[in-house]
There are 2 protein chains.
Amino acid sequence: MNSRFSTAVHILTLLASTPQERLTSEFIAASVGTNPVVIRRQLALLRQANLVSSKGARGGGWELARDPARITLKQVRTALGVEAAFRMHRNEPHPNCSVGQGIRGVLENVYEEVEKSVMRSLAHWTIADMLKRIEPSS
Amino acid sequence: MNSRFSTAVHILTLLASTPQERLTSEFIAASVGTNPVVIRRQLALLRQANLVSSKGARGGGWELARDPARITLKQVRTALGVEAAFRMHRNEPHPNCSVGQGIRGVLENVYEEVEKSVMRSLAHWTIADMLKRIEPSS
DNA sequence: AGCTAGCGTAACTTTTTTTGTGACGGATTC
DNA sequence: GAATCCGTCACAAAAAAAGTTACGCTAGCT
């Protein structure tokens, strides 16, 4: 997978660290070290999943749409659009090769199982956990 | 992750389907639908892990180095060099952002846990299983 | 009302990653 | 000693991801 998931968790944790405040995409981008548009794209997906809410215009910005203890990393992954941890090889196998013809279906089964266990792992973690681990003192 | 893992499983299953025979990288490449060099690169890694053996010269080629029932997909993944299912975002976070500074370490913990559960899932499957599922009649 | 700050999104560019190719040396069998 | 097949490097092409520019829209402010 790509690094979008990491960025998304970063953003959400940042929002969790400043409750009561709205953060602008520009501010977040500076914290994360990238471009505001990249941030907005991520947040647009997270908003579709009702994890964050945005407000335009002056004084606007982003905030969490719910208690960070109720946002799991599984939800984040789902919100970003589940891209399998593994990818099928895309080459067309030789038509006479029975292994080539059949392997994809079998691999799909395997990957589904793997995906489920990835999700199970991610479900254990919340944004509140992330924040807690970063600032154990607070 | 990329599709190399899928290709590797494909290759190994193909070798398992023709015991007693050596297959050339050219033949395998035709079955998989790619270039022989790509195949050789993959197999070179699998050989380092003692999963396959090769022989040069005329009549040469590749074969499994052990019983396909003793090759797990976990071993395959390890052989290819474990690349985490997730990737860290590489941008330097803003130095004043405590979340940005700390998030990586926490994410690393999460990803380690995920990786372990991926490996646990993959350990359940062997190349013999793959073959069995493709050709239930044999 | 008009100005400003901020999001929303499409189109495009750049960068990075992955995959594929060509070439050629070395080894082994025949 | 000629043919076959691996081993590997260097390069090319393609695909994917990330970053950038631009501009419309809305809500608040004065």
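Note that the coordinates shown come from a computational prediction; the quantities given were computed from them, not determined experimentally. Order of the sequence lines fixes the chain letters, A, B, ..., with proteins taken first and strands second; residue numbering starts at 1 for each chain.
Side-chain proximity of A:W62 to C:dC7, C:dT19, C:dG20: nearest is C:dC7.
In this structure, the side chains of B:L73 and B:M130 come closer than 4.5 Å at one or more pairs of heavy atoms. The shortest distance between side-chain heavy atoms of A:L122 and B:V110 falls below 4.5 Å.
Among residues two or more places apart in sequence or in another chain, the ring pair (Phe, Tyr, Trp, His ring centres under 6.0 Å) test is passed with B:Y111 by B:F86. Applying the side chain to side chain contact (heavy atoms under 4.5 Å, CB included) rule to A:E112 yields no partners; only residues at least two apart in sequence or on another chain are considered. Residues meeting the side chain to side chain contact (heavy atoms under 4.5 Å, CB included) test with A:E108, sequence neighbours left out: A:M88. Partners of A:P68 by side chain to side chain contact (heavy atoms under 4.5 Å, CB included), not counting sequence neighbours, listed by chain and number: A:A16, A:L64, A:I127, A:A128.
When rounded to the nearest whole Å, the span between CG of A:L43 and C1' of C:dT9 equals 14 Å. Taking atom CZ on B:R4 and atom C1' on D:dA16, their separation rounds to 14 Å, with Å as the unit. If you take CG of B:L45 and C1' of D:dC6, they are 15 Å apart, rounded to a whole angstrom. If you measure from atom CG of B:N91 to atom P of D:dA18, you get 9 Å, rounded to the nearest angstrom. Atom CG in A:L80 sits roughly 14 Å away from atom C1' in D:dA17 (whole-Å rounding). Atoms NE2 (B:H89) and P (D:dA18) sit 11 Å apart, rounded to a whole Å. Rounded to whole angstrom, the span from the CD1 atom of A:I11 across to the P atom of C:dC7 amounts to 12 Å. The nearest whole Å value for the distance from the CZ atom in B:F5 to the C1' atom in C:dT19 is 19 Å.
No side-chain donor from either of A:R47 and A:S53 sits under 3.5 Å from a side-chain acceptor of the other. Side-chain atoms of B:S117 and A:S121 include a donor-acceptor pair closer than 3.5 Å.
At the phosphate of D:dA17, neither OP1 nor OP2 sits under 4.0 Å from any side-chain N or O atom of A:S3.
DNA chain C lies under 4.0 Å from no heavy atom of any residue of residues 13-30 of chain B.
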N/O to N/O distances under 3.5 Å, protein versus nucleotides 22-29 of chain C:
none

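Taking 3.5 Å as the limit, the base of D:dG19 and the side chain of A:R41 contain a donor-acceptor pair of atoms between them.
In this structure, B:E115 does not pair ionically with B:K74, as no charged nitrogen and carboxylate oxygen lie closer than 4.0 Å.
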